[in-house]
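Everything on this sheet refers to the single structure shown next.
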Amino acid sequence: MSPLPVTLSGVERSLMHGPLPCAYSLPGETPSVAGPQPHTETSPDIDVEEKLKGAFARGWSVLVWNDPVNLMDYVVYIFKTVLKMNEQDATRHMWEVHHQGKSTVARETREKAELLVHRLRGFGLNATLEPT
Amino acid sequence: MICEQLNSTTWRLSFSESEAGFIINILARLARHYLQDPDEMPPALRAYWQGSIASPQQPLTSELRESQEMLSDSRAELRSERLNLAEKWIREFEISENRDPWRVEISSEERDEFVAMLNDRRVTLALEMNISHTDMEADPSHIAEKTRRSAILEIDVLGHFILVALGPQIYRP
């Protein structure tokens, strides 16, 4: 499978690979300008940090699976409409679904990937989600 | 059937009297289908309407279970919205004075919904009849079982309507 043209912003890259770029403080606390402090394993901040990383990382793949009914031209139109692909990419992914049984059509945050699965399924395509 | 783009957001679909009769019949069948509780449907149709957020090979983690519930809710909402649209078009057909051709002017979003609903009928018919790739590639006249042959022909005809409705936007090199 050829790589997808996915680009990550600096913020998303740092969320995936490094500490959060900002620190949050509660009322009465002195905000830290040096970024997050080291945590112990039991700190609830770790959960929050992990959830934030999970929410913003493009760590979820949207897959479309082959089926006997959906028309090729229809699938190309849906990829263009829902996934905002150009004609060439939409056609390439349609053929990948047709010949290989499935195609990874997007890598997104979980929320966005879920939305894409809902929309693709709304058009009758067999789309699923999986962590990358 | 003819599909014309009137402006950037409006489309006009024109049906001959027999095409309109066919489409209204399909919309009435769809309306009955959308009204049905998925729990009372055969397993393949129930699975289609509940939706599956992950492939069968993918273990359902707590995150995916949550996503699965959201997908099922969104599929239920979709059926309800499409039921309203089907009923609206049937009503418009019933009160229309000129049915040859029968013309409807719809937005781009409604056209996408119309096409997706015709596709719902194709997919649900295929699931109901357990229609495979081999069936779809076969010459329908060679399929002995009458109900199966009719289903495949209906899927083909609806495919033609979908392509005509999308015609102006389908790439034809």
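Remember, predicted model here, so these are calculated numbers, not experimental data. Both backbone and side-chain heavy atoms feed into the values below; hydrogens, waters and symmetry mates do not.
With a 4.5 Å cut-off on side-chain heavy atoms, B:Leu163 and A:Asp73 count as touching. Looking only at side-chain heavy atoms (C-beta outward), B:Asn119 and A:Phe123 stay at 4.5 Å or farther from each other. A 4.5 Å side-chain heavy-atom check between B:Gln58 and A:Pro131 finds at least one atom pair inside the cut-off. Residues A:Arg110 and B:Glu66 have side chains in contact (heavy-atom distance under 4.5 Å, counting atoms from C-beta outward).
Here the closest non-hydrogen pair linking B:Ala126 and A:Val69 is CB-CG2, 3.2 Å. Closest of all the heavy-atom pairs between A:Asn70 and B:Arg122 is CA-NH1, 4.2 Å. Contact detail for A:Trp65 and B:Ser55: the closest heavy-atom pair is CZ2-CB, 3.5 Å. Nearest heavy-atom pair across B:Ser74 and A:His118 is OG-ND1, 3.5 Å. Taking both residues in full, the closest heavy atoms of B:Tyr48 and A:Arg121 are given as OH-O, 4.5 Å, listed atom of the first, atom of the second, then distance. Across all their heavy atoms, A:Pro68 and B:Ser132 have their closest contact at CB-C, 3.6 Å.
Residue B:Met70 is not grouped with residue B:Leu60 when hydrophobic side chains (ILVMFWY) are merged at heavy-atom distances under 4.5 angstrom, including chains of intermediate members. A:Val62 and A:Leu115 end up in different hydrophobic clusters when Ile, Leu, Val, Met, Phe, Trp and Tyr side chains are linked at under 4.5 Å. Hydrophobic clustering keeps B:Leu125 apart from B:Leu153 (ILVMFWY residues linked when any side-chain heavy atoms are closer than 4.5 Å, directly or through intermediates). Cluster annotation: B:Leu30 is connected to B:Leu45 through the hydrophobic network of ILVMFWY side chains, with a link wherever side-chain heavy atoms come within less than 4.5 Å. Linking ILVMFWY residues whenever their side-chain heavy atoms come closer than 4.5 Å, directly or via other members, leaves B:Ile106 and B:Ile2 in distinct clusters.
For chain A, no part of B:Met117 is nearby; none of its heavy atoms comes within less than 4.5 Å. Residue contact with chain B, scored on non-hydrogen atoms closer than 4.5 Å, involves the backbone of A:Ala127 exclusively. The contact between B:Gln57 and chain A is made entirely by side chain atoms (from C-beta outward), counting heavy-atom distances below 4.5 Å. In this structure, chain A has a heavy atom under 4.5 Å from the side chain of B:Leu78, while its backbone stays farther away.
To the nearest 0.5 Å, the span separating CG on B:Leu64 from OG1 on A:Thr128 amounts to 9.5 Å. Taken from OH in A:Tyr77 to CD1 in B:Ile162, the straight-line distance is 11.5 Å, to the nearest 0.5 Å. Atoms CD and CD, on A:Glu114 and B:Glu63 in that order, are 9.0 Å from each other to the nearest 0.5 Å. The CG atom of A:Leu71 sits 10.0 Å away from atom CG of B:Leu158, with the distance rounded to the nearest 0.5 Å. Considering CD1 of B:Ile131 and CG of A:Asp67, their distance stands at 12.0 Å, rounded to 0.5 Å. Here the NE2-NE2 distance, from B:His133 to A:His98, works out to 7.0 Å after rounding to the nearest 0.5 Å.
In terms of heavy-atom pairs under 4.5 Å with chain A, the best-connected choice from B:Leu127, B:Leu71, B:Ile155 is B:Leu71.
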